[in-house]
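First up is the structure itself, then whatever we jot down about it.
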Number of protein chains: 2
Amino acid sequence: MPDPMYRRIADDLRDKIESGELAHGSQLPTELELRERYDASRNTVRDAIKWLITRGLVETRPGQGTFVVEKIEPYITVLTGEASESAGEGDIYIQEVTAKRRVPKATDPRVEIQAAAGVVLEDLQVEPKSQVVSRHQQRFIDGIPFSLQTSFYPMGLVERGALRLIQAPDIAEGTVAYLRKELGLSQVGYRDKIRVRAPDANESAFFRLPDDGRVAVFEVRRTAFDEEGDPIRLTISIYPADRNQFTVTVGKVPDEIPAEPDVTSDQAQGAGRTG
Amino acid sequence: MPDPMYRRIADDLRDKIESGELAHGSQLPTELELRERYDASRNTVRDAIKWLITRGLVETRPGQGTFVVEKIEPYITVLTGEASESAGEGDIYIQEVTAKRRVPKATDPRVEIQAAAGVVLEDLQVEPKSQVVSRHQQRFIDGIPFSLQTSFYPMGLVERGALRLIQAPDIAEGTVAYLRKELGLSQVGYRDKIRVRAPDANESAFFRLPDDGRVAVFEVRRTAFDEEGDPIRLTISIYPADRNQFTVTVGKVPDEIPAEPDVTSDQAQGAGRTG
DNA sequence: GGGTATTTGTCCGTATGTATT
DNA sequence: AAATACATACGGACAAATACC
């Protein structure tokens, strides 16, 4: 009596999914079948399915049917490392990913020169209207879109001699090592800011996210600093939130045991009395 | 011709929101007015509004109307700190929050003894079916729900003498300091795992999230280790993803200038050619 | 390639319920 | 109590995508 019908239908289907009665990837009954089974109109059944869609439990394929979404094994990215070694672009990424026997790939950076604006201006602490070098890459793992990454460098670095920042599409040794060798600039630390937001159109297209905007993306902004405490680089990385997680370690921490990932059976946090 | 009508209506309204023509917090025309303006049926107008809702651009209030959502100023939580000082519960949180002239509050921990399961079992590396102490807190800032936090401790710590883990609702000096004093156990490091997921019913209720599940939550799992590399604590913290972000610092990093947060005018990452 | 059946997507109209002012 | 505005539910019609023969 209390809940509207479309919610009761959705709850019933959700239970069948979570209990395993409807397996991952399997097809739900068609809208017409559900309409008969629950004695509701097709539109009401569709409202129930929409409710499940916004929760990421099912997906619809026109002409085919409605399916329980596949379980996704998350990629894990470690944000902490040696302060002086975090590669400006792709370096550690390549090592870490190959270590897991996956095949990483990244497009050659697309190099642009832009006027600093917004967060680039803030985080890089450059003058308004000053110019920055932007190096943009698409990164893949096993051929699957993994992340979009754009690094920004103050134009002053180029003027001081780091010409390859704007010339070479690829800087094999990593831009951090290159800047140290070329300018004697050491990266001594960095700050990451992590947030999630809705993807823009480009990101949705690249990651092939459903265009209904329910899958968010991580935005990780890494500002790197030299010994004087001046920012030398801002790297913005975008990852789909439904298949990525991040790890941060502080102090002395044992290596992680490669526990076989399995059930989502989270420990109950208690019967939430919000009082 | 290309896009369905409800999408054209939604796009038009979105443009008006993003251009500022419809200000944050302002009311949209009613469904009946929109029906006339766009020469569509009320159901089609409602489809357009649903599309905007799932993207978090507008919200509906029964009996009142449809409104552009308010901009939210995010809370910032720093994940990195002194390895030996991260308070088990609330300690640093209280300091950091008061430093920003906000009023933090936390409920007394609700203490339970549970059988370890799922991630608790994995991260705490205890035997299956062994028991753990669970200490659950609700935390507020300026009276607004801020986070849900549950810390799990192996029962062995209690057996070795840390009785206040199960006795005292409040451990004023922080559980990390308490364990060091009582058992000589030092926390020498911790590992955080960060992911986002849909909220469960308890979380939605506590944070007053719209029950349509479009606002995700951050889940931060912190496993703390002693000098032997054994896990001594697992703390799971939940934060609404629409109003929180996290900061991680590595190496030598200058203090952050308290830049006045403003426009979302992100630097363009380029005209996403996915080729 | 074409044709047909199936399935979901869009759009309409209407009626009634519920929350707010 | 009345008016307003959104929420739920019904029904029908046609379009678009897909699969299969």
Side-chain angles (χ1 to χ4, degrees), chain A residues 1-14 17 22 25-69 204 208-214, chain B residues 1-14 17 22 25-70 204-205 208-214:
Chain A
M1 216 86 65
D3 281 355
M5 187 184 303
Y6 81 96
R7 280 284 267 119
R8 292 206 308 272
I9 298 174
D11 285 343
D12 189 60
L13 291 171
R14 187 195 53 186
I17 291 169
L22 288 167
S26 66
Q27 182 171 9
L28 269 67
T30 68
E31 292 175 352
L32 292 184
E33 286 169 335
L34 292 172
R35 170 178 155 278
E36 293 179 6
R37 178 171 314 182
Y38 292 104
D39 194 30
S41 79
R42 184 179 159 226
N43 279 326
T44 301
V45 167
R46 281 174 62 74
D47 282 344
I49 291 175
K50 277 178 196 162
W51 192 90
L52 295 169
I53 288 176
T54 64
R55 264 138 258 247
L57 293 172
V58 305
E59 64 187 357
T60 54
R61 301 177 204 152
Q64 290 183 257
T66 306
F67 299 82
V68 184
V69 297
S204 280
R208 292 173 179 71
L209 300 179
D211 80 338
D212 58 8
R214 70 174 188 279
Chain B
M1 216 85 65
D3 281 355
M5 187 186 304
Y6 81 95
R7 280 285 267 119
R8 292 205 308 274
I9 297 174
D11 285 342
D12 188 61
L13 290 171
R14 188 195 52 185
I17 291 170
L22 289 168
S26 66
Q27 181 172 9
L28 269 67
T30 68
E31 292 177 350
L32 290 183
E33 286 170 334
L34 292 172
R35 171 178 158 280
E36 293 179 7
R37 177 173 315 183
Y38 291 105
D39 195 30
S41 81
R42 187 177 159 233
N43 281 328
T44 301
V45 167
R46 281 175 60 74
D47 283 343
I49 291 176
K50 276 180 198 163
W51 191 90
L52 295 169
I53 288 177
T54 63
R55 280 156 189 75
L57 293 172
V58 305
E59 64 187 355
T60 55
R61 300 176 205 154
Q64 296 186 53
T66 306
F67 299 81
V68 184
V69 296
E70 296 283 356
S204 281
R208 291 173 180 71
L209 300 179
D211 79 340
D212 57 10
R214 71 175 187 277

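Quick caveat, the model's predicted, so the values are computed rather than measured. Within every chain, numbering begins at 1; the chains are lettered A, B, ... in the order of the sequence lines, protein sequences first and strands thereafter.
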Main-chain N/O of A:Gln64 paired to A:Gln27 side chain as donor or acceptor, under 3.5 Å: yes
With a cut-off of less than 4.0 Å, is there a side-chain N or O of B:Thr66 near OP1 or OP2 of D:dC6? yes
Which heavy-atom pair separates B:Asp47 from A:Lys50 by the least distance, and what is that distance? OD1-NZ, 4.3 Å
Interatomic distance, B:Arg42 CZ vs C:dC11 P [rounded to whole Å]: 16 Å
In whole angstrom, what separates A:Met5's CE from D:dC10's C1'? 10 Å
Nearest whole Å is fine: how far is D:dT18 P from A:Gln27 CD? 14 Å
From OH of A:Tyr6 across to C1' of D:dT8 the rounded distance in Å is 8 Å
Checking D:dC10, D:dT8, C:dG9 against the side chain of A:Pro62 (C-beta onward), the nearest is C:dG9
Along DNA chain D (nearest heavy atom to each residue), the more 5'-positioned of B:Thr60 and A:Arg35: B:Thr60
Please report the shortest heavy-atom distance between B:Pro29 and B:Arg37, naming the atom on each side. CG-NH2, 3.7 Å
Rounded to the nearest angstrom, tell me the gap between atom CD in A:Glu33 and atom C1' in C:dT7. 10 Å
Taking all atoms of both residues into account, what is the closest heavy-atom pair of B:Leu52 and B:Arg14, and its distance? CD2-CB, 4.1 Å
Side-chain N or O of A:Gln64 less than 4.0 angstrom from OP1 or OP2 on D:dA19? yes
Hey, which sits more toward the 5' end of DNA chain D by its nearest nucleotide, A:Thr44 or A:Gly63? A:Thr44
Establish, with yes or no, whether the OP1 or OP2 oxygen of C:dC12 is under 4.0 angstrom from a side-chain nitrogen or oxygen of B:Ser41. yes
Gap between atoms CG and C1', on B:Asn43 and D:dG12 respectively (whole Å): 13 Å
Nucleotide C:dC12, atom P - distance to CZ of B:Arg46 in whole Å: 14 Å
Both distances below 3.5 Å, Watson-Crick or wobble geometry, any strand: find the nucleotide opposite D:dT4. C:dA19
Counting only side-chain nitrogens and oxygens, does A:Arg61 get under 4.0 Å of the OP1 or OP2 atom of C:dT7? no
Reference residue B:Arg42; test salt bridge (charged side-chain N to carboxylate O under 4.0 Å, His left out); the match among B:Glu31, B:Glu33, B:Glu36: B:Glu31
Nearest whole angstrom, please: distance from the P of D:dT8 to the NZ of A:Lys50. 12 Å
